[in-house]
Structures are given as structure tokens and as C-alpha cells.
Amino acid sequence: TPHTWLESYLIWDEILSCGSPWTCSSASMARFAMILVTVFATMSAEVLLVAAVVQGPCDILQAAGTECVAAHSVVRALYANYTGPLYRVLRDSDKAGLDIKASSGFADKSHQDAFCAKTTCYILRIYDQSPMKNHLDTAPAGGACHHPLSPVN
């Protein structure tokens, strides 16, 4: 359960009133430690999420004077301002397709999970997020591919 800074302060005050952490009850120390871990884990996740959205790998390269000539990812946006789809899935049951976009910088898998429920889906295209638009598509049938597509779920 989430803990507030006030709860942390009250437990910390209780620990300080003991005179020494060694004389405090183990329950007070354990509660305080759990609150600190929860607060720092929450803060770390929020900081990482904000950092991921603020600047992507291609933004860092661009700032250094090196452009991304291709930017493919089925996990995250590689530019902070990229708003297009990351990849397209094909539902095997009816051959319908769905583009999966990023939400808060990362692939919004909830749309894929709902779209692919109770069937198999395949990645049909991985979009190039760079201005070059060199998208990666499934290889055509022929001598290069001797096995059927593999599911992504």
C-alpha cells in the first residue's frame, strides 16, 4: 500500500524518540524501511518514465551531431516527439491489422493484448521512427523463408 511522507515522518519521529535505532522496536524500524523502499521505488519509476519521454536515444545522438539513419523498436519511442506507430500486428484469425503506438514513450501493449485476445498475432511491420521511413516488413514468400511466421504472444 502507498505510504505518505507524513506516515514516514511520524515513524521517523518515533524512531528518534527511542534515543537510538538500536533501542527502537523492530516493528517501527521495519515499517520505516518498507516506507522508504516504497517511496524511493515510486520516485525512481516516475523519474525513469519522465526521462524516457523527455529524451530518446535518437535525440541524444542528434544533439551530438549524429542523426539516426534508422530507428526501429517494438519497445519504445526512440525520439521524444515521435507520435507515430511503433509496429503493426496482424491477427491470424481474421487477418485484421492494428498499429501499436507508444504511450508515455513505451509500446502500449494493452491495445495489442485486447486485439490479440484468444488468437495469435504476428508482427507484420516495424516502423522506422527516423525521417528516412525505412520500415521493416515481413519477408515475402519465396526461397528466403522456409518456415511459417512465428506468433508474438
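These numbers come from the heavy atoms of this one structure, side chains and all, not from hydrogens, waters or symmetry mates. Here the structure is a predicted model, which means the values were calculated and not measured.
Of all non-hydrogen atoms in Tyr127 and His72, the two that sit nearest each other are O-CD2, 3.8 Å. Between Leu86 and Ser73, the shortest heavy-atom contact is CB-O, 3.6 Å. Taking both residues in full, the closest heavy atoms of Ala77 and Ala102 are given as CB-CB, 4.3 Å, listed atom of the first, atom of the second, then distance.
Side-chain N or O atoms of Asp59 include one that pairs as donor or acceptor with a backbone N or O of Gly56 at under 3.5 Å. Under the 3.5 Å distance criterion, the side-chain polar atoms of Arg125 are left unmatched by any main-chain donor or acceptor of His135.
Counting only heavy atoms from C-beta outward, the side chains of Arg76 and Pro57 approach each other to under 4.5 Å. Side-chain contact between Tyr122 and Thr120: present, with at least one pair of heavy atoms (C-beta onward) separated by less than 4.5 Å.
The structure places CG of Asp99 at 12.5 Å from CG of Asp108, a figure rounded to the nearest 0.5 Å. Here the CG atom belonging to Asp137 is positioned 10.5 Å from the CZ atom belonging to Arg88, to the nearest 0.5 angstrom. If you take CZ on Phe115 and CD1 on Ile100, they are separated by 8.0 Å, rounding to the nearest 0.5 Å. Atom CG of residue Asp92 and atom SG of residue Cys121 lie 8.0 Å apart, to the nearest 0.5 angstrom. Here the OG atom belonging to Ser93 is positioned 12.0 Å from the NZ atom belonging to Lys118, to the nearest 0.5 angstrom.
A single hydrophobic cluster is seen to contain both Leu98 and Ile126, as judged by linkage of ILVMFWY side chains at heavy-atom distances under 4.5 Å, directly or through other members. Leu61 and Leu78 are not part of a single hydrophobic cluster, where members link through side-chain heavy atoms under 4.5 Å apart. Residues Tyr79 and Val69 do not share a hydrophobic cluster, clusters being chains of Ile/Leu/Val/Met/Phe/Trp/Tyr side chains in contact below 4.5 Å.
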Please evaluate residues Thr83 and Lys101 with respect to the criterion side-chain contact (heavy atoms from CB on, under 4.5 Å), reporting the C-alpha separation (whole Å), side-chain torsions for both, the decisive distance (0.1 Å), and the verdict.
CA-CA 7 Å; Thr83 58; Lys101 292 188 169 195; 5.8 Å; no
Is there a side-chain contact (heavy atoms from CB on, under 4.5 Å) between Cys58 and Tyr82? Walk through the geometry before answering.
CA-CA 10 Å; Cys58 288; Tyr82 182 72; over 6 Å; no
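Between the side chains of Tyr87 and Gln112, at least one donor-acceptor pair of N or O atoms lies under 3.5 Å.
With respect to Lys133 and Asp128, no salt bridge is recorded, no charged nitrogen being found less than 4.0 Å from a carboxylate O.
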